[in-house]
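Lettering follows sequence order; numbering is per chain, from 1.
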Number of protein chains: 2
Amino acid sequence: MDFKSNHHHKNFIDGVPYATVKRLPFYHRFLTDLSKKEVERISSRELAAKMGINPSQLRQDLCYFGSFGQQGYGYRVNDLLREVNRILGLNQEIKMVLVGGGHLGTALANYDNFSRRGFIIKAIFDKNPEVIGGYIKGIPVLDIKELQEYLRVEPVEIGVITTPAEAAQETADRLVQGGVKAIWNFAPVSLKVPEEVLLENMHISESLLLLSFKLKQRRNQPDPV
Amino acid sequence: MDFKSNHHHKNFIDGVPYATVKRLPFYHRFLTDLSKKEVERISSRELAAKMGINPSQLRQDLCYFGSFGQQGYGYRVNDLLREVNRILGLNQEIKMVLVGGGHLGTALANYDNFSRRGFIIKAIFDKNPEVIGGYIKGIPVLDIKELQEYLRVEPVEIGVITTPAEAAQETADRLVQGGVKAIWNFAPVSLKVPEEVLLENMHISESLLLLSFKLKQRRNQPDPV
DNA sequence: TAGATTGTTAATCGATTAACAATC
DNA sequence: TAGATTGTTAATCGATTAACAATC
């Protein structure tokens with residue numbers, strides 16, 4: 001509606017720079033903490049200091065979505081958190097299936113924070129006959145062969161891949177055929193998916209390699225002054 | 001030594017822009033794939049196309065570390081992979097301890113890719129008496145109370161935190177007291193550590209919130225032309 | 001040699017930060 | 001009211017991309 005929605009640059013999602021979008025979950029975490037601590041108000045200066053960012057950046061980021069503060073006062077923590085929740089789409093349930101019922105899949109299934117925020121794992125799929133037919137955290141574990149038929153009857157928006165690397169692309173293909181709108185991938189591979197399907201990667205080992213690089217630099221320059 | 005090492009800007013690590021550093025693990029993954037497929041040579045144009053980035057960016061990034069190609073020919077995949085391995089510090093062993101022997105910790109302990117690249121988990125610490133004294137993937141599980149004494153005798157560089165959120169800060173404090181040089185944190189909290197200790201976060205839920213945002217935008221604009 | 005592709009400088013583009021009028 | 005702080009524009013800064021001489 002407003003002129004911002006006419007931005008169609010690759011680095012913009014719906015008029016908002018991707019750099020801003022990536023910071024939204026970060027804001028969400030700090031506001032959730034403040035809300036838990038029952039802090040009532042906070043200024044951009046204080047919040048930015050807590051987060052280690054620039055207060056102008058914080059205000060600029062929020063400005064893409066609306067004006068949620070009050071001059072001379074700051075922001076009401078609960079109001080701002082509610083807005084960020086709404087912006088992130090956390091005000092509605094999102095159904096997921098999880099493929100790969102190993103330790104990582106089990107860890108995710110056990111993570112209460114997801115269900116508390118409306119992310120519901122409807123079923124877990126695996127190829128291991130020893131786990132098929134059982135339950136993980138109350139969620140049924142089904143045969144991977146039943147995935148497409150299941151999705152036909154019970155559509156879900158997000159497919160989570162926690163299979164070994166070798167099985168990841170085939171799993172992605174099945175999820176796409178099943179009509180998921182997004183894939184959350186934990187396998188250390190670059191998946192190919194059609195562009196109408198969103199892909200979000202959690203590349204755990206890339207994070208460790210980055211740490212390895214930084215460690216090496218520190219070893220070589222032990223005293224950065 | 002060269003003029004680049006005089007850059008001391010906050011966005012530079014040792015003369016290299018942080019944006020470049022973050023792409024190194026990405027290059028590592030694609031080069032490892034090509035090497036496995038026994039591809040002998042590749043041009044910046046081809047590699048960049050595979051990775052979905054700009055060839056100039058690829059060459060510019062490599063240029064911060066040296067010149068590894070050959071005009072008119074491109075890059076020898078194995079040579080470039082060896083260089084990237086060296087740049088990332090993967091040519092030496094790095095010892096780690098893991099705190100939190102739950103499903104996530106077990107998943108990491110079972111992840112062969114780490115040990116294959118020289119990341120060695122020396123011990124796992126937990127507070128649950130049922131797992132203490134046992135082994136996970138051949139790695140001894142010890143009482144969390146023994147962490148500091150263990151680190152005194154057997155120093156390690158990286159401490160991995162896979163505890164619940166509530167225990168994460170205390171765990172970080174213990175690891176810092178034990179003298180680790182870096183912390184790899186999987187708990188969904190913002191840890192406070194002294195600036196001489198490196199901190200790398202794997203915020204799993206932030207990745208899911210990002211996906212939630214993108215899904216919401218797609219729902220509102222189902223047909224981006 | 002001619003063609004191809006690198007390494008690297010210069011130009012462009014986007015993101016961050018500063019500044020300040022508006023206003024609670 | 002005076003002081004504080006937002007929302008937003010403009011300036012700065014950094015990252016990406018284009019261009020091309022060097023050269024295999």
Side-chain angles (χ1 to χ4, degrees), chain A residues 2-4 6-24 26-27 31 34 39-77 79-80 83-84 87, chain B residues 2-4 6-24 26-27 31 34 39-77 79-80 83-84 87:
Chain A
D2 69 356
F3 86 98
K4 278 174 190 162
N6 291 325
H7 283 250
H8 281 304
H9 195 277
K10 56 176 172 169
N11 285 328
F12 279 71
I13 296 186
D14 214 9
V16 184
Y18 193 59
T20 294
V21 169
K22 273 195 296 190
R23 281 188 290 269
L24 289 172
F26 190 43
Y27 296 141
L31 288 167
L34 287 168
V39 176
E40 202 178 297
R41 67 161 285 278
I42 196 161
S43 68
S44 61
R45 190 178 45 75
E46 289 170 295
L47 181 51
K50 260 187 192 300
M51 300 179 67
I53 63 172
N54 183 298
S56 289
Q57 178 165 78
L58 174 51
R59 296 203 301 278
Q60 177 77 283
D61 281 344
L62 294 177
C63 187
Y64 286 104
F65 299 99
S67 56
F68 311 124
Q70 202 173 324
Q71 281 104 326
Y73 177 83
Y75 302 87
R76 293 191 184 273
V77 170
D79 289 1
L80 187 53
E83 292 292 345
V84 172
I87 291 164
Chain B
D2 69 356
F3 87 98
K4 279 174 190 161
N6 291 325
H7 283 248
H8 280 303
H9 195 278
K10 57 179 171 163
N11 284 328
F12 279 72
I13 296 187
D14 214 8
V16 183
Y18 193 59
T20 293
V21 168
K22 273 194 293 189
R23 281 188 290 267
L24 290 173
F26 191 41
Y27 296 140
L31 288 168
L34 288 169
V39 176
E40 202 178 297
R41 68 161 282 279
I42 197 161
S43 68
S44 62
R45 190 179 44 76
E46 291 171 294
L47 181 51
K50 260 187 192 298
M51 300 180 66
I53 63 171
N54 182 298
S56 289
Q57 177 166 76
L58 174 52
R59 296 202 300 278
Q60 177 76 285
D61 279 347
L62 294 177
C63 186
Y64 287 105
F65 300 100
S67 56
F68 310 125
Q70 202 173 322
Q71 281 105 326
Y73 178 82
Y75 301 87
R76 293 190 184 276
V77 170
D79 289 0
L80 188 54
E83 292 293 344
V84 172
I87 292 164

Checklist outcome for this item: Closest of D/dT8, C/dG7, C/dT16 to the A/C63 side chain is D/dT8
Item to check | Strand-adjacent residues in residues 46-56 of chain A, judged by heavy atoms under 4.0 Å from DNA chain C | outcome: A/N54, A/S56
Item to check | Rounded distance (nearest 0.5 Å) linking atom CG of B/L62 with atom CZ of B/R23 | outcome: 10.5 Å
Checklist entry - Atom CG of B/L80 to atom P of C/dT5: distance rounded to whole Å? => result 16 Å
Pairs: protein N or O with nucleotides 20-23 of chain D N or O, under 3.5 Å:
| unit_1 | atom_1 | unit_2 | atom_2 | d |
| --- | --- | --- | --- | --- |
| D/dT23 | O4' | B/Q71 | NE2 | 3.4 |

Next on the checklist: By nearest heavy atom, map A/A19 and B/S43 onto DNA chain C; which one lands nearer the 5' end?
Outcome noted: B/S43
Next on the checklist: Rounded to the nearest 0.5 Å, what separates atom CG in A/D61 from atom OG in A/S44?
Outcome noted: 11.5 Å
Checklist outcome for this item: Where DNA chain C forms runs of at least three Watson-Crick or G-U pairs (i with j, i+1 with j-1, under 3.5 Å), the stems are C:3-24 with D:3-24
Checklist entry - Among all residues two or more places apart in sequence or in another chain, which pass the salt bridge (charged side-chain N to carboxylate O under 4.0 Å, His left out) test with B/R59? => result none
Item to check | Candidate nucleotides D/dT9, D/dT17, C/dC24, ranked by approach to the side chain of B/Q60 - the nearest | outcome: D/dT17
Could you give the side-chain donor-acceptor pairs of residues 45-53 of chain B under 3.5 Å, partners two or more places apart or in another chain?
| unit_1 | atom_1 | unit_2 | atom_2 | d |
| --- | --- | --- | --- | --- |
| B/E46 | OE1 | B/S43 | N | 3.0 |
| B/E46 | OE1 | B/S43 | OG | 3.2 |

Item to check | Listed nucleotide nearest any side-chain atom of A/P17, set C/dT6, C/dA15, D/dT6 | outcome: C/dA15
Checklist entry - Are B/F68 and B/D79 side-chain neighbours, meaning at least one heavy-atom pair lies under 4.5 Å? => result no
Checklist entry - What integer distance in Å separates A/K22:NZ from C/dA15:C1'? => result 11 Å
Item to check | Student check: side-chain heavy atoms of A/V21 and A/Y64 closer than 4.5 Å | outcome: no
Checklist entry - Quick one: CD1 on B/I87 to CG on B/L24, what's the gap to the nearest 0.5 Å? => result 6.5 Å
Next on the checklist: Which residues pass the side chain to side chain donor-acceptor pair (under 3.5 Å) test with B/Q60, not counting sequence neighbours?
Outcome noted: none
Next on the checklist: Using the ring-ring contact (aromatic ring centres under 6.0 Å, His included) criterion, which residues pair with A/Y27? Sequence neighbours excluded.
Outcome noted: none
Checklist entry - Between D/dT8 atom P and A/D61 atom CG, what is the distance in whole Å? => result 14 Å
Item to check | Test side chain to side chain donor-acceptor pair (under 3.5 Å) applied to A/Q57 - qualifying residues, sequence neighbours left out | outcome: none
Checklist entry - Could you state the CZ-P distance from A/R76 to D/dT5, rounded to the nearest angstrom? => result 14 Å
Item to check | Any A/S44 side-chain N or O less than 4.0 Å from OP1/OP2 of D/dT6 | outcome: yes
Checklist entry - When the distance from CG of A/L58 to C1' of C/dA15 is rounded to whole Å, what number comes out? => result 15 Å
Checklist entry - In whole Å, what is the span from the CG atom of B/D79 to the P atom of C/dT6? => result 14 Å
Next on the checklist: Tell me the interatomic distance from B/Y18, atom OH, to C/dA15, atom P, rounded to whole angstroms.
Outcome noted: 18 Å
Checklist entry - Can you name the salt bridge (charged side-chain N to carboxylate O under 4.0 Å, His left out) partners of B/R76, sequence neighbours left out? => result B/E40
Next on the checklist: If the cut-off is 4.0 Å, is B/Y75 near the phosphate of C/dG7, judged by side-chain N/O to OP1 or OP2?
Outcome noted: yes
Checklist entry - Is any side-chain N or O of B/R23 closer than 4.0 Å to OP1 or OP2 of D/dT16? => result yes
Checklist entry - So how far is it from A/Y75 OH to A/L58 CG, rounded to the nearest 0.5 Å? => result 6.0 Å
Next on the checklist: How many whole angstroms separate atom CD of B/Q70 from atom C1' of C/dT6?
Outcome noted: 10 Å
Next on the checklist: Categorize A/T20 for me: base, sugar-phosphate, or nothing, with a 4.0 angstrom heavy-atom threshold over every strand shown.
Outcome noted: nothing
